[in-house]
Every structure is written in structure tokens, then in C-alpha cells.
Amino acid sequence: MDSFTSFFDSHTSSRNRWSYDSLKNFREISPIVQTHLKQVYLTLCCALVASAVGVYLHILWNIGGTLTTLATVGCTVWLLSTPAYKEQMRVSLLLAGALSQGASIGPLVEFAIDFDASLVVSAFVGCAVAFGCFSAAAMIARRREYLYLGGLLSSGISILFWLHFASSMFGGSMALFTFELYFGLLVFVGYIVFDTQDIIEKAHHGDLDYVKHSLTLFTDFVAVFIRILIIMLKNATEKEENKKKRRN
């Protein structure tokens, strides 16, 4: 946890050092890489729209569940195993996977809408702002500055996996669930920074696979959105329960 604390402390100090010199770091990104990033983020936006359609389809026909989760995994594996020159097919697989992912998180979003629709909007806006800020921070920072986070974040994912496994096998307390929730949010926010710099570095070395890079950022975005929405739902539910207790 100290490593993550130092990571966010470095963000705070970098904001304090903000100047025109920071903006000049964009010059390290070549025009080819800038064009690639535009393509990546445009494709990411299309994937998010497809995901929103998936959520809407679940609300209409209740299609979200195990099958859509398997479909998401299947589309992802198929996409990653498809040669890069089959661009149209890979984009279609990305959008199909995003739609299935949206349907898979549809039950959570539907529950949030039934409880308070504004929570969904707030969670999405908060996620978009965080995603934009941390992506921009990764672009402005010196090249390869945050690539060291890869090992730490992989360890964080491993911790989350074993915590979830232990909870499912032996049962978990609310405190463990809360820790897993906030720690997972911290890990995936870190992945936004790491993956953005990793994409830029790969593009500088000739890897211009915008579909795969969009998939990476889409995964980060959805992971952060889910956790923000659950946290907001948890807090709103606790407030509602406290109000009921006071009335009684």
C-alpha cells in the first residue's frame, strides 16, 4: 500500500509543479503516435456506446447473466487470436464483446436505476473524469515514468483474486468486501495510468494495434465504473438504512 500511496503523492507533487514545461512533454509523442491515440480513444468511445446498448437490451429483455459473460470472454479471446490485418472483423468483435459486457453488468445498473437513477449518471461522470485525468497525467508525464507500476498492479490483481476466492470459499465479512472494493478501485485506476503509458510506448516502437489497445482501456474503464457505482450504491443504501432507524 505504501507504493500506491507514493504513486498518488507523486501525482500531487506533479500538479504542484504544473507549468508550461509540463505541456511540452506532449512533444515527446510523435504525430504518428498522436494519430494512433486519437484512433484508440475514438474506438473506445464506440465500445462504450455498444456497452450502453447492451445495458439497455438487458433492461428491455433481461438478457444479462452467465451467457453474456461467456460471450464477452469468447469475443475477447477471438479478437486477440485474430490477425491484425482483419481489422473490420476485430472491430466487430470488440463491439460485440462490449455489448455483451454491457448486458453482463446490466443487472447492477438496473438495480441502481431502480434505487436512484442519478447514481448511474454520477458514477459514469465520475469514472469518465477520473479516466480522463489519469490518462492525461500519463501522457504529460515523462515517457516510461509509470511503467514500473506493472509489477505492483499485477500483484494487486493477484491479491484481489485470492481475496475473492477466499470470500467465496469461506465467506467474507463486510469489512473484507469494503477493502476489496476500494483496493480494486485503486488498482484499476493505477492500470489507467500504466496502460496509457504502455500503449504510447508500444506505439513508439511500431505497435499500432488500436483495436487491442482500445480493448485494454475499455477493460480499465468498466472495472473502475463498476466499483464506483457499487461504492455509491453502498453509501446510499447505508444512508437510507440510517434514516429508517432514526424514524423508528
Side-chain angles (χ1 to χ4, degrees), residues 33 35-58 63-64 67-82 84 86-109 112 120-121 123-139 146 149-150 153-154 156-157 160 184-203 207-230:
V33 177
T35 301
H36 173 68
L37 288 175
K38 290 177 184 177
Q39 202 168 18
V40 168
Y41 283 102
L42 178 61
T43 308
L44 172 62
C45 289
C46 293
L48 291 175
V49 171
S51 184
V53 171
V55 172
Y56 181 68
L57 291 178
H58 168 77
I63 62 173
L67 289 178
T68 55
T69 301
L70 292 175
T72 303
V73 174
C75 287
T76 301
V77 173
W78 192 359
L79 187 158
L80 295 176
S81 61
T82 302
K86 295 184 178 180
E87 183 178 333
Q88 188 173 358
M89 181 179 180
R90 297 175 85 239
V91 171
S92 299
L93 286 170
L94 173 64
L95 296 180
L99 188 143
S100 299
Q101 178 69 72
S104 298
I105 65 173
L108 172 64
V109 176
V120 178
V121 178
F124 181 82
V125 172
C127 180
V129 170
F131 187 90
C133 289
F134 282 95
S135 292
M139 292 179 192
Y146 294 119
L149 285 172
L153 295 171
S154 296
I157 288 292
L160 286 173
L185 178 61
L186 186 64
V187 167
F188 283 104
V189 164
Y191 263 116
I192 292 174
V193 179
F194 170 77
D195 286 333
T196 302
Q197 281 212 331
D198 187 48
I199 288 168
I200 292 172
E201 197 59 30
K202 286 179 178 177
D207 183 357
L208 301 176
D209 189 350
Y210 71 92
V211 180
K212 184 173 70 176
H213 295 167
S214 300
L215 173 64
T216 300
L217 294 180
F218 174 76
T219 303
D220 295 341
F221 190 99
V222 172
V224 172
F225 170 74
I226 289 173
R227 282 159 179 79
I228 290 177
L229 183 57
I230 292 175

Item to check | Heavy-atom side-chain proximity of Thr219 to Leu215 below 4.5 angstrom | outcome: yes
Item to check | Heavy-atom check, side chain of Met139 versus side chain of Leu37, under 4.5 Å | outcome: yes
Going from [atom1] on [X] to [atom2] on [Y], what distance comes out if it is rounded to the nearest 0.5 angstrom?
{"X": "His213", "Y": "Asp209", "atom1": "NE2", "atom2": "CG", "result": "6.0 Å"}
{"X": "Phe188", "Y": "Phe134", "atom1": "CZ", "atom2": "CZ", "result": "15.0 Å"}
{"X": "Leu149", "Y": "Ile192", "atom1": "CG", "atom2": "CD1", "result": "12.5 Å"}
{"X": "Thr43", "Y": "Arg90", "atom1": "OG1", "atom2": "CZ", "result": "11.0 Å"}
{"X": "Leu57", "Y": "Ile63", "atom1": "CG", "atom2": "CD1", "result": "5.0 Å"}
{"X": "Ile199", "Y": "Lys212", "atom1": "CD1", "atom2": "NZ", "result": "10.0 Å"}

Checklist entry - Of Leu93, Val211, Val77, which meets side-chain contact (heavy atoms from CB on, under 4.5 Å) against Thr82? => result Leu93
Any donor-acceptor pair under 3.5 Å from [X] side chain to [Y] backbone:
{"X": "Ser51", "Y": "Ala47", "result": "no"}
{"X": "His58", "Y": "Gly64", "result": "yes"}
{"X": "Thr69", "Y": "Ser104", "result": "no"}
{"X": "Thr196", "Y": "Ser135", "result": "no"}

Considering non-hydrogen atoms only, spot the tightest contact between [X] and [Y] and give its length.
{"X": "Val187", "Y": "Gly156", "answer": "CG2-CA, 4.1 Å"}
{"X": "His36", "Y": "Ala203", "answer": "CD2-CB, 3.7 Å"}
{"X": "Tyr191", "Y": "Asp220", "answer": "O-OD2, 3.5 Å"}
{"X": "Leu217", "Y": "Asp195", "answer": "CD2-CB, 4.2 Å"}
{"X": "Cys75", "Y": "Gly97", "answer": "CB-CA, 3.7 Å"}
{"X": "Leu229", "Y": "Ala112", "answer": "CD1-CB, 3.9 Å"}

Item to check | Residue list, side chain to side chain donor-acceptor pair (under 3.5 Å) with Tyr210, at least two apart or on another chain | outcome: Glu87
Item to check | side chain to side chain donor-acceptor pair (under 3.5 Å) against Lys202, all qualifying residues, sequence neighbours excluded | outcome: Asp198
Item to check | Residues that Leu48 engages under side-chain contact (heavy atoms from CB on, under 4.5 Å), provided they are two or more places apart | outcome: Leu44, Phe218, Phe221
Next on the checklist: Within a 6.0 Å radius of atom OH on Tyr56, are there more than 12 heavy atoms belonging to other residues, nucleotides or ligands?
Outcome noted: no
Item to check | Verdict with reasoning, Ile157 to Leu153, per side-chain contact (heavy atoms from CB on, under 4.5 Å) | outcome: CA-CA 6 Å; Ile157 288 292; Leu153 295 171; 5.7 Å; no
